[in-house]
Every structure is written in structure tokens, then in C-alpha cells.
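Every heavy atom of this structure was used, including side-chain atoms; hydrogens, water molecules and symmetry mates were not. Letters A, B, ... are given to chains in the order of the sequence lines, protein chains preceding strands, and every chain is numbered from 1.
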Number of protein chains: 2
Amino acid sequence: MDSTPLTRKLKAFVALTSVELEVLERLHQRRRVFHAGRDLVHQGQSEQAAYILSEGWVCSYKLQMDGSRQIVDFQIPGDFLGLRSVLLHTSDHSVEPIGEIVAAEVLVSDLLAAFAQTPRLATAVLWAVSRDEAMVVEHLVGLGRRDADQRMGHFLLELGARLKLVGLGTRAGYDCPLTQYHLADTLGLSAVHVNRVLRRLREAGLLTFRDGHVTFDDYDGLVALADFDPAYLDHTGPLLK
Amino acid sequence: MDSTPLTRKLKAFVALTSVELEVLERLHQRRRVFHAGRDLVHQGQSEQAAYILSEGWVCSYKLQMDGSRQIVDFQIPGDFLGLRSVLLHTSDHSVEPIGEIVAAEVLVSDLLAAFAQTPRLATAVLWAVSRDEAMVVEHLVGLGRRDADQRMGHFLLELGARLKLVGLGTRAGYDCPLTQYHLADTLGLSAVHVNRVLRRLREAGLLTFRDGHVTFDDYDGLVALADFDPAYLDHTGPLLK
DNA sequence: CGTCTGATTGAACGGGTTCAAGCAGCGTGG
DNA sequence: CCACGCTGCTTGAACCCGTTCAATCAGACG
């Protein structure tokens, strides 16, 4: 049976038994499709369902009074959607699909049952959640202490590392459905400047962002420029006892 | 018996029984004192103990290769320290006491036992943790989409709201042990500019930051300037069923 | 009494924004 | 079929917020 992005991701960190794999598989029952533009969750609204994203990208963002928006993070295939919102019965941000997405709806009860059945699964999911939080912190650091070029490089490298983990990218590059406006709202820049930064990086022979595809022309050079240390994505230490 | 900052905070959101209060009290047994400068946790080091902060302030930060640092968040009395590090056996940031602090060491086993004994306590603590995460997100939004004045106003207002909850501040102001360098490393600004921003806000009659004390000269004006909406601190919805 | 930390202010510089204009591709309707 | 409008990309020029460099000052502390 084909493995889902989620299982690919988790298998990179915990050796899962066939029983655990099957439990995971069963969580992917209720497939649902969402379309671009229509938010899954609106700021302030309390939401009842969690999802496992299987195809497409999604972004979580906050709107400001003055109309500007700040994207907090992206979810790619294999990531959980709204897990925290469900556990805490609250959502303080909006979630928007980028293009069409396919997601498996997960009932809290099913998830908790799966955890009870296979505790190692709970550990693996907990790891995934904590990795997401580490990424938010790294994002915050970037906004506070990196210049535009470094931010861009770091962000695209991080995405690349995440996509590689679920088989959607290589060291050479990956497909990327984001517009330059998405990048601007993520990196705290203006769309105009995003364009200039991309040009600069391209002319420096570091990376090319064009026609929905990211190409790393000089991976090591980019890593050096952005001071990218994937440790926070890899921390493969012992979790929960 | 005097209530600790933590109980004050939790009582604001969950009506705790005397049994639960006693369990909470017992978690505060092992008092430990830490001194300024000496980090509690170093970046990358894995840590075994969690703490409840009872006196003094602490900041969590990340150091960059180029020597600059970005403060991610602060902990004030009543906040947990290193709870996530303990659960996940990993720490990707450093933690530094600001001045002398008093903290109660909490063993994971004790905490889990307390949760098992009084589930409502677990709910309350979960709420506190999720509030901390919401604050990190709000911080990120500030770095990405607010100018220096708004960032400063928002940050000091948020701190004020948190301190008020544990009885350490009022609408008029609060004692604040931070230096302008702390503010700079928090807000992603240079120390020089922090000084100028503080002067501007003072001369605009909005707030005064001097001699370790924050005074809100025009609370409502500041709220308007910073677009401060304490909703993310207050979300008092039903948690976990 | 010298040294250190933290606060303060000035002047020059620069990274990033804003405003403005132009262009390409693409779906829609007359 | 072409015109139109829309979204996304691109580039130039002027401006401004915040940085950097540099100097000064006050208080604390050994």
C-alpha cells in the first residue's frame, strides 16, 4: 500500500510497526477537498475538526486592523491542520488553502483512540507538533534578526527540507505554488522588495524562483548566506521517556 | 495561606477547588534560587527539570551566528519554565534570569501525578501553555507587520496585562527590570532606536519607561496606537471537552 | 578612583517602502 | 475572435524608518 505523506514523515523519526502503520492509514478515511480562496478557519471562530493534509499547501495567517497580513506558517502534505484549535477549542488565526487541497478529516475521538492503542504513535505526533513550534520560533528569529536576503534564503531552504522529508523535493529544488505576495506576507517584506530579493539571489547564482518552481543553483552557498542549520527540523532525540 | 502567582493566574480562568489548590501548593516545594547572567538552559543542551517561576523575570532567546540575539519571550511569576523542554527532552533556545529569581523545581512525575489526581488542573495548565504559544505568534506578527512604536506599545501593554493577572501591575503601570537592550533584542530593533522610541512615546504623553518602572500615561491612547486587543490573552473558552 | 553597565543624543548612511508605471498570461463575455 | 479585466511579475525613482558609528554622561561597584 502506498504510504501517505504523514507516514513518510513519521517513519523518518520513529520505526513504526505494521500495526501502527495500519492505524495511521485508518485515520485517513474521510477525504475532503477544499478550494483556493475559501478559508478553512476564520480568525476568532472556534473549530471542531482537525485534518491531515494529503495534497496541496495551506497557510495560517493573522489579519491586522490596517489590512496587512502576516503569515505565521505553512502546512504541506503530511502536516496536521488545526490540531491545536481542536484540543483547545479556540482559533486565533485564519487558515487559507493555496490552490486546491485534499485533506483527511480526523475526529478528536479517533485520534485519541489511536493514541491509546499505540502510544508510540502519540510520541511521533507529539514530535511533529513540537517541530512545528520550533519552526514558528525560527520564523520569529528571522523576522527580528535577519535581513531580507537571509530571510528569503532561510525560508526557501526550510521549505525544501520539509518537502524532501515527504518526497516532494530534492536538494536540487521543488515545486512551489506560492506567489510573491505570499512570500512578502510571510517574510514581513513588501511584494516589490520580494521581487528584488529574488532577482538578486538569482543573479548571484544562488537560487531561482520562477514559474512555480524553486531551483537551488548553489545549495551550499545559500546555506552559508542564510545561516541555515536544519538542527531544529531534525532533532531526533528520545521523546517522552 | 497566601496564594502563589500561579494559583492567582489559574484562578482567573478556572474555579479551583480546595483540593486542587492544595495539589498546586504542593508542587511548589523545592524552591531554588538562580542569579543573573548564569543561564538556566543553554541552546542545544537537553534539560531534565521544569520550574514554576515565583519571583523575578526570565527570558528565552536564541543566539545567532553573527552574535546578535533574538528574545522569543519572557516568563514572569506564575509562568512555567522549560515545560516543553522536559516533555520533549530537547531545548533549542537559551534561558536567562533577569536579576535574581526564585523558582520551584517540578518533577515531571509529580506534575503528571497531579494531573491524574485533578484533571481540571491539567486543563488549566494546558490553557496556560496555549496562551504562551498565542503570545509567541502575536510577537511574530509584531515583528513582521508593526513599526517600532507599535511594537513597543504592544509589548509593554501585553506585559502589563500579564502582570496584572498575577497582582504585579495595574492599569497605571508596573515595575519592570528590563534594560533597553532587552527591549531591543525583543523587538528586533537597535538599542539606540529603542531609546528614541521610548522618548517619542514619553513626549507624546503615552507612556513613561524610567528607573525600572513603566507608567501608562494614556492607556487608551496607547491601546489605539498599538492596536492592542487582549483577546488572545483572555480566551476563556471551554477547554478539552 | 577607575571601570563597567545602561542611558542618551547627534550625524550620516542604507535597507526597505511607497508610489507609479508597464507588461504578460489567462479566463470571460460580447 | 478579440476586448477587457484581473492577477501576478517587473522595474524605476524618491523617500523614510531604523541602523551604525561615535561621543557623552550618570550611577554602581570594587
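- Two residues are said to be in side-chain contact when any heavy atoms from C-beta on lie closer than 4.5 Å; B/Arg162 and B/Leu165 fail this criterion.
- Of the residues in residues 182-202 of chain B, those placing a heavy atom less than 4.0 Å from an atom of DNA chain D are B/Gly188, B/Leu189, B/Ser190, B/Val192, B/His193, B/Arg196, in numerical order.
- When atom types are taken as modelled, the side chain of A/Arg151 and the backbone of A/Arg146 share a donor-acceptor pair closer than 3.5 angstrom.
- Between the OH atom of A/Tyr181 and the P atom of D/dT10 there is a distance of 11 Å, rounded to whole Å.
- When the P atom of D/dT10 is taken as reference, atom CD of A/Glu203 falls 11 Å away, rounded to whole Å.
- If you take CZ of A/Arg151 and C1' of C/dT17, they are 13 Å apart, rounded to a whole angstrom.
- The minimum heavy-atom distance between B/Phe80 and B/Val125, with the atom names listed, is CE1-CG1, 3.8 Å.
- The aromatic rings of B/His154 and B/Tyr232 sit parallel to each other, their planes meeting at less than 30°, with 60° as the upper class boundary.
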**Asked** What do the steps show when you test A/Arg131 against A/Asp79 for side-chain contact (heavy atoms from CB on, under 4.5 Å), and what is the final call?
**Response** CA-CA 11 Å; A/Arg131 195 194 67 148; A/Asp79 288 345; 3.9 Å; yes

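- The stretch residues 143-150 of chain B touches DNA chain D through B/Asp147, B/Ala148, each having a heavy atom within less than 4.0 Å of the strand.
- In this structure a side-chain-to-backbone donor-acceptor pair under 3.5 Å is missing from A/Arg30 to A/Val106.
- Remark: the backbone N or O of A/Cys176 is not paired with any side-chain donor or acceptor of A/His213 at under 3.5 angstrom.
- Taking the six-membered ring wherever Trp is involved, the centroid distance between the rings of B/Phe155 and B/Phe74 falls below 6.0 Å.
- In this structure, the CD atom of B/Gln180 is 7 Å from the C1' atom of C/dG6, given to the nearest Å.
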**Request:** Assign a letter to each nucleotide of nucleotides 25-30 of chain D from its 5' end: B, base within under 4.0 Å of a protein heavy atom; S, sugar-phosphate only; -, no contact.
**Result:** ------

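- Put simply, the side chain of A/Tyr219 never gets that close to the backbone of A/Leu157: no donor and acceptor are under 3.5 Å apart.
- With A/His139 contributing its side chain and A/Thr186 its backbone, the two residues share a donor-acceptor pair below 3.5 Å.
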